[in-house]
**Q** 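This is the structure I have questions about; it appears just below.
Source: prediction; values computed, not measured. First the proteins, then the strands, lettered A, B, ... as listed; each starts at 1. Values below: all heavy atoms of this structure, side chains included; hydrogens, waters and symmetry mates excluded.
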Amino acid sequence: MRTSQYLLATQKEIPNDAEVISHQLMLRAGMVRKLASGLYSWLPTGLRVLNKVTQIVREEMNKAGAIEINMPVVQPADLWQQSGRWEAYGPELLRIKDRHDRDFLLGPTHEEVVTALVNNEVNSYKQLPLNLYQIQTKFRDEIRPRFGIMRGREFVMKDAYSFHLDSECLNNTYQTMHQAYCNVFDRLGLEYRPVIADSGSIGGAVSHEFHVLAESGEDDIAFSNASDYAANIELAEAVAEQYSSQASRELKIVDTGEHKTIDAVSNLLKIDPKTTVKTLIVKASEEVDAQMIALILRGDHQLNEIKAAKHEWIAEPVEFVDEKEVIAAVGCGFGTLGPVKMPLPIIADRSAANLQNFVCGANQAEKHYIDTNWDRDIGQFEVADLRNIVAGDPSPCGTGTIEIRKGIEVGHIFQLGDKYSKAMNCGVLTDTGKHQVLQMGCYGIGVTRIVAAAIEQNHDKYGIIWPENIAPFKVALIPMNMHKSHRVKEVAEKLYADLIAQGVEVLFDDRKERPGVMFADIELTGIPNSIVIGERNLDNNEVEFKKRASGEKTMLSIDNVVSFVAEN
RNA sequence: CGGUGAGUGGCGCAGCUUGGUAGCGCACUUGGUUUGGGUCCAAGGGGUCGUAGGUUCGAAUCCUAUCUCACCGACCA
């Protein structure tokens with residue numbers, strides 16, 4: 001490709017509404033342009049990258065035994081009414097009507113359509129297992145699209161759906177897909193982690209997310225520094241901290257005045273927040289004979305609402321009780337609540353439950369207890385894992401300690417079980433002639449998001465640094481003053497023709513521009529290799545070969561360039 | 001939806017307080033100059049100042065409504 005016949009579309013200035021680096025660079029490098037909030041056009045350079053990612057995903061899906069299909073973007077509402085998601089999905093689902101005033105929607109995902117399809121086409125256990133996938137544009141009417149391509153409303157997703165007679169077969173395919181995902185991200189050249197995850201509203205039991213590690217990630221990933229263990233912080237089990245046993249001291253009540261927060265009380269009493277507990281009051285579920293539940297966490301720990309919501313005593317989703325109701329029930333407001341003589345059922349986090357001689361609110365205004373002990377001072381209580389795991393915690397797998405890093409979710413796989421197949425009565429006849437509902441798995445990859453995530457992970461102050469496998473071009477040909485020098489032009493044209501003949505994707509910068517302009521544009525675009533052709537080196541019959549990532553320069557004899565590029 | 005801020009040539013911005021008929025940088029066009037890291041000089045094209053209404057002799061500027069966008073929050077496979 002010649003730049004003079006291409007739409008390079010690079011920009012010097014940073015668009016003012018682009019916050020994250022991938023968004024800025026995708027605009028500046030001429031990859032995408034915004035049409036409206038969360039909606040982007042893909043320019044040639046961006047599309048080249050997107051197509052490479054798509055192709056890698058497609059090849060690995062095919063290798064894993066999945067079969068490509070394509071389903072409609074516009075879906076009839078009645079399928080979603082069958083699964084119950086027409087009501088459940090909320091305003092993120094863009095609903096539309098056709099000319100006959102019938103309800104339709106723009107597909108945010110395709111469980112319903114594929115389940116209906118398989119139900120029609122597959123009648124016998126002999127046709128199973130079956131794994132179908134598509135790579136297609138999805139639409140989700142996000143409350144707040146942000147970070148450019150990272151969280152757009154329209155985006156390309158690879159979604160696969162597998163169908164099985166039993167959960168063992170589902171698990172086999174799940175493991176195959178897990179491996180296929182690792183293969184995809186290995187080939188993409190990205191630093192990533194598969195992490196144990198919450199399945200969220202899509203349902204199902206077993207689930208893993210695949211995260212590209214990057215500072216700008218929206219998710220916190222906890223992982224062991226000494227094993228393969230990695231989990232989304234939403235889910236990572238927080239192990240109880242063990243303390244050496246202390247002689248219990250006498251319970252005392254102290255005046256703490258207006259000091260209410262953990263920090264304020266700790267400062268006042270000159271103690272470590274780790275020796276205090278905080279008390280949070282949440283609404284109770286219908287399982288328990290109480291309106292509210294008191295949750296006790298160590299002072300420096302954070303409540304994990306997802307874990308809390310899974311406790312049978314606690315209403316799901318977690319809802320905090322407002323202060324007036326707390327005062328009515330306990331007799332004091334926020335800031336001096338505590339487990340001693342607490343009239344509500346108590347659930348203590350594991351770490352809090354191991355504390356000895358700790359500080360807590362006294363359930364009286366402006367008072368705290370010091371040297372509280374569970375067995376002596378507090379009645380019955382439950383112990384549960386309620387808190388967020390933090391850096392430095394022992395890994396729940398038993399090996400190593402926890403580190404926390406930011407990740408961008410680019411893949412998510414689920415064992416759905418029969419959630420959709422049951423709702424839509426999707427089954428086959430077994431070998432005994434009985435109708436049996438199928439087990440399903442579903443497997444998503446955010447294809448467009450991968451492009452942004454790759455940039456978040458691979459850039460410098462000059463621009464993008466593409467991993468070789470997804471770069472828009474393999475090599476850039478940069479002639480110095482070609483429009484003045486016949487020799488440079490001759491060599492450049494010859495190399496261009498030879499590289500094309502070898503099947504190398506090459507961008508030939510044949511614009512009448514100054515060298516600095518060309519260097520800057522090529523670096524911004526992130527092409528992994530450059531060949532610089534200048535009078536200076538032609539006397540020795542050489543050109544310069546330069547790596548974008550390392551800046552490493554190699555002088556090459558003109559005769560060797562093509563084979564060198566093909567091999568590197 | 002709540003909070004904050006912004007809409008002025010393709011992009012980034014000034015002008016608005018104190019109304020008088022729109023300007024700067026980048027980009028673009030032409031000519032010259034320069035040529036291994038975003039040259040320099042000159043000339044030029046391009047804007048119903050988000051939209052609608054109002055006040056006024058006169059509105060980018062003041063008032064009202066409305067739309068759009070961004071950031072923070074709630075939400076989310």
**Q** Is Lys138(A) salt-bridged to Asp159(A), cutoff N-O under 4.0 Å?
**A**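 Yes.
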
**Q** Could you walk me through whether Asp322(A) and Lys283(A) pass the salt bridge (Lys or Arg N to Asp or Glu O under 4.0 Å) check?
**A** CA-CA 10 Å; Asp322(A) 66 40; Lys283(A) 298 216 165 132; over 6 Å; no

**Q** Name the pairing partner of rA27(B), where a pair is Watson-Crick or G-U wobble with both distances under 3.5 Å, or state none.
**A**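 Paired with no nucleotide.
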
**Q** Need the pair for rU39(B). Rule: Watson-Crick or G-U wobble, both distances under 3.5 Å, any strand; none if unpaired.
**A**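 Its partner: none found.
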
**Q** State, with a plain yes or no, whether a side-chain heavy atom of Arg548(A) is found less than 4.5 Å away from one of Asp460(A).
**A**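 Counting from C-beta outward, Arg548(A) and Asp460(A) do come under 4.5 Å.
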
**Q** With distance as the sole criterion, do the side chain of Glu535(A) and the base of rG36(B) form a donor-acceptor contact below 3.5 Å?
**A**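 A donor-acceptor contact between them is absent.
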
**Q** Between the base of rG37(B) and the side chain of Glu523(A), is there a donor and acceptor pair under 3.5 angstrom?
**A**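 Such a pair exists between side chain and base.
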
**Q** Between Asn529(A) and Phe564(A), is any pair of side-chain heavy atoms under 4.5 Å apart?
**A**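 SC-SC contact between Asn529(A) and Phe564(A) ruled out.
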
**Q** Between rC71(B), rC26(B), rA77(B), which nucleotide gets closest to the side-chain atoms of Arg146(A)?
**A**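 Of rC71(B), rC26(B), rA77(B), rC71(B) is nearest to the side chain of Arg146(A).
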
**Q** Nearest whole Å is fine: how far is rA77(B) P from Gln415(A) CD?
**A**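 After rounding, the reported distance stands at 18 Å.
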
**Q** CZ of Arg511(A) versus C1' of rA27(B): gap in Å, rounded?
**A**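 Whole-Å distance recorded here is 13 Å.
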
**Q** Arg144(A) side chain N/O closer than 4.0 Å to the phosphate oxygens (OP1, OP2) of rC72(B)?
**A**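 Yes, such a contact exists.
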
**Q** Taking NZ, NE, NH1 and NH2 as the nitrogens, is one of them in Asp509(A) or Arg511(A) under 4.0 Å from a carboxylate oxygen of the other?
**A**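 Looking at Asp509(A) and Arg511(A), the cut-off is met.
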
**Q** Could a donor-acceptor pair under 3.5 angstrom be found where the side chain of Lys546(A) meets the base of rG37(B)?
**A**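 Yes, a donor-acceptor pair under 3.5 Å.
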
**Q** Specify the residues of residues 134-143 of chain A, ordered by number, for which at least one heavy atom lies under 4.0 angstrom from an atom of RNA chain B.
**A**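 Arg140(A), Ile143(A) - these, ordered by number, are the residues of the stretch whose heavy atoms sit under 4.0 Å from the strand.
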
**Q** Take atom P in rG53(B) and the same atom in rC49(B), then report the distance between them in whole Å.
**A**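 Taking atom P in both rG53(B) and rC49(B), they lie 12 Å apart.
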
**Q** Can you list the residues that meet the side chain to side chain contact (heavy atoms under 4.5 Å, CB included) rule with Glu305(A), with sequence neighbours excluded?
**A**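 Side chain to side chain contact (heavy atoms under 4.5 Å, CB included) check on Glu305(A) returns Leu303(A), Val318(A), Phe320(A).
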
**Q** Going by modelled atom types, is there a donor-acceptor pair between the base of rG10(B) and the side chain of Gln11(A) at under 3.5 Å?
**A**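 No such pair is found, so the answer is no.
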
**Q** To the nearest Å, give me how far apart CD (Glu13(A)) and P (rA27(B)) are.
**A**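 After rounding, the gap between these two atoms is 9 Å.
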
**Q** Side-chain donor or acceptor of Asn537(A) under 3.5 Å from a matching atom on the base of rG36(B)?
**A**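 Under the 3.5 Å cut-off, the side chain and the base do form a donor-acceptor pair.
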
**Q** Round to the nearest Å and state the distance from Leu35(A) atom CG to rG10(B) atom C1'.
**A**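 Nearest whole value for this atom pair: 16 Å.
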
**Q** Tell me what Gly444(A) touches on the nucleic acid: a base, only sugar-phosphate, or nothing, going by heavy atoms under 4.0 Å.
**A**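 It contacts nothing in the nucleic acid.
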
**Q** Could you tell me whether Lys512(A) atom NZ has more than 12 heavy atoms of other residues or ligands within 6.0 Å of it?
**A**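 12 or below, so no.
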
**Q** Is the phosphate of rU34(B), meaning OP1 or OP2, less than 4.0 Å from a side-chain N or O of Lys484(A)?
**A**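 The answer is no; no side-chain N or O of Lys484(A) sits under 4.0 Å from OP1 or OP2.
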
**Q** Nearest whole Å is fine: how far is rG36(B) C1' from Met480(A) CE?
**A**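 From Met480(A) CE to rG36(B) C1': 6 Å.
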
**Q** Given that both distances must come in under 3.5 Å, which nucleotide forms a Watson-Crick or G-U wobble pair with rU18(B)?
**A**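 Pairing partner: none.
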
**Q** Using whole Å, what does the distance between atom C1' of nucleotide rC11(B) and atom CG of Leu27(A) come to?
**A**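 So the CG-C1' distance, Leu27(A) to rC11(B), works out to 11 Å.
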
**Q** Strictly below 4.0 Å: does Ser37(A) bring a side-chain N or O up to OP1 or OP2 of rU68(B)?
**A**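 For rU68(B), neither OP1 nor OP2 has a side-chain N or O of Ser37(A) closer than 4.0 Å.
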
**Q** Check this for me, if you would: do Asp539(A) and Arg487(A) make a salt bridge, where the nitrogen-to-carboxylate-oxygen distance has to be below 4.0 angstrom?
**A**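 Looking at Asp539(A) and Arg487(A), the cut-off is met.
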
**Q** Report the distance from atom NE2 of His483(A) to atom P of rG32(B), rounded to the nearest whole Å.
**A**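 Taking NE2 of His483(A) and P of rG32(B), I get 16 Å after rounding.
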
**Q** When all nucleic acid strands are considered with a 4.0 Å heavy-atom cut-off, which category describes Glu544(A): base, sugar-phosphate, or nothing?
**A**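 It contacts base atoms.
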
**Q** Find the partner of rU33(B): check Watson-Crick (N1-N3 plus N6-O4 or O6-N4) and G-U wobble (N1-O2, O6-N3) distances, both under 3.5 Å, and reply none if neither fits.
**A**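 In the structure as shown, rU33(B) has no Watson-Crick or wobble partner.
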
**Q** Side chains of Leu93(A) and Arg85(A): closer than 4.5 Å at any heavy-atom pair?
**A**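 No, every pair of side-chain atoms sits at 4.5 Å or beyond.
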
**Q** Scan every strand shown for a Watson-Crick or G-U wobble partner of rA77(B), both distances under 3.5 Å, and answer none if you come up empty.
**A**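 Partner of rA77(B): none found under 3.5 Å.
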
**Q** By nearest heavy atom, map Lys34(A) and Tyr462(A) onto RNA chain B; which one lands nearer the 5' end?
**A**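 Nearest nucleotide further toward 5': that of Tyr462(A).
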
**Q** Paired with rA52(B) by Watson-Crick or G-U wobble geometry, both distances under 3.5 Å: which nucleotide is it?
**A**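 Because both required distances fall under 3.5 Å, rA52(B) counts as paired with rU64(B).
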
**Q** Whom does rG47(B) pair with, Watson-Crick or G-U wobble, provided both distances fall under 3.5 Å?
**A**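 rG47(B) is unpaired by these criteria.
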
**Q** Specify the separation, in whole Å, of atom CG of Leu8(A) and atom P of rG38(B).
**A**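 Distance, rounded to whole Å: 18 Å.
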
**Q** Can you pull out the residues from residues 149-162 of chain A that lie within a 4.0 Å heavy-atom distance of RNA chain B?
**A**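 Contacts with RNA chain B under 4.0 Å: Arg151(A), Met157(A).
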
**Q** Kindly check if the number of other-residue, nucleotide or ligand heavy atoms within 6.0 Å of NZ (Lys310(A)) is above 12?
**A**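 Result for NZ/Lys310(A): enclosed.
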
**Q** Give a yes/no verdict on a cation-pi contact between Lys546(A) and Phe519(A), requiring under 6.0 Å between NZ or CZ and the six-membered ring centre and an angle within 45° of the axis.
**A**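 Yes, cation above the ring, under 6.0 Å and within 45°.
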
**Q** Counting only side-chain N and O atoms of Arg514(A), is one of them less than 4.0 Å from OP1 or OP2 of rU35(B)?
**A**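 For rU35(B), neither OP1 nor OP2 has a side-chain N or O of Arg514(A) closer than 4.0 Å.
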
**Q** With sugar-phosphate meaning primed atoms plus P, OP1 and OP2, does Asn16(A) contact a base, only sugar-phosphate, or nothing at under 4.0 Å between heavy atoms?
**A**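 Sugar-phosphate, backbone atoms only, no base.
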
**Q** Flag yes if more than 12 heavy atoms outside Glu323(A) fall under 6.0 Å of its CD atom; otherwise flag no.
**A**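 Yes, because the 6.0 Å sphere around CD of Glu323(A) holds more than 12 heavy atoms from other groups.
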
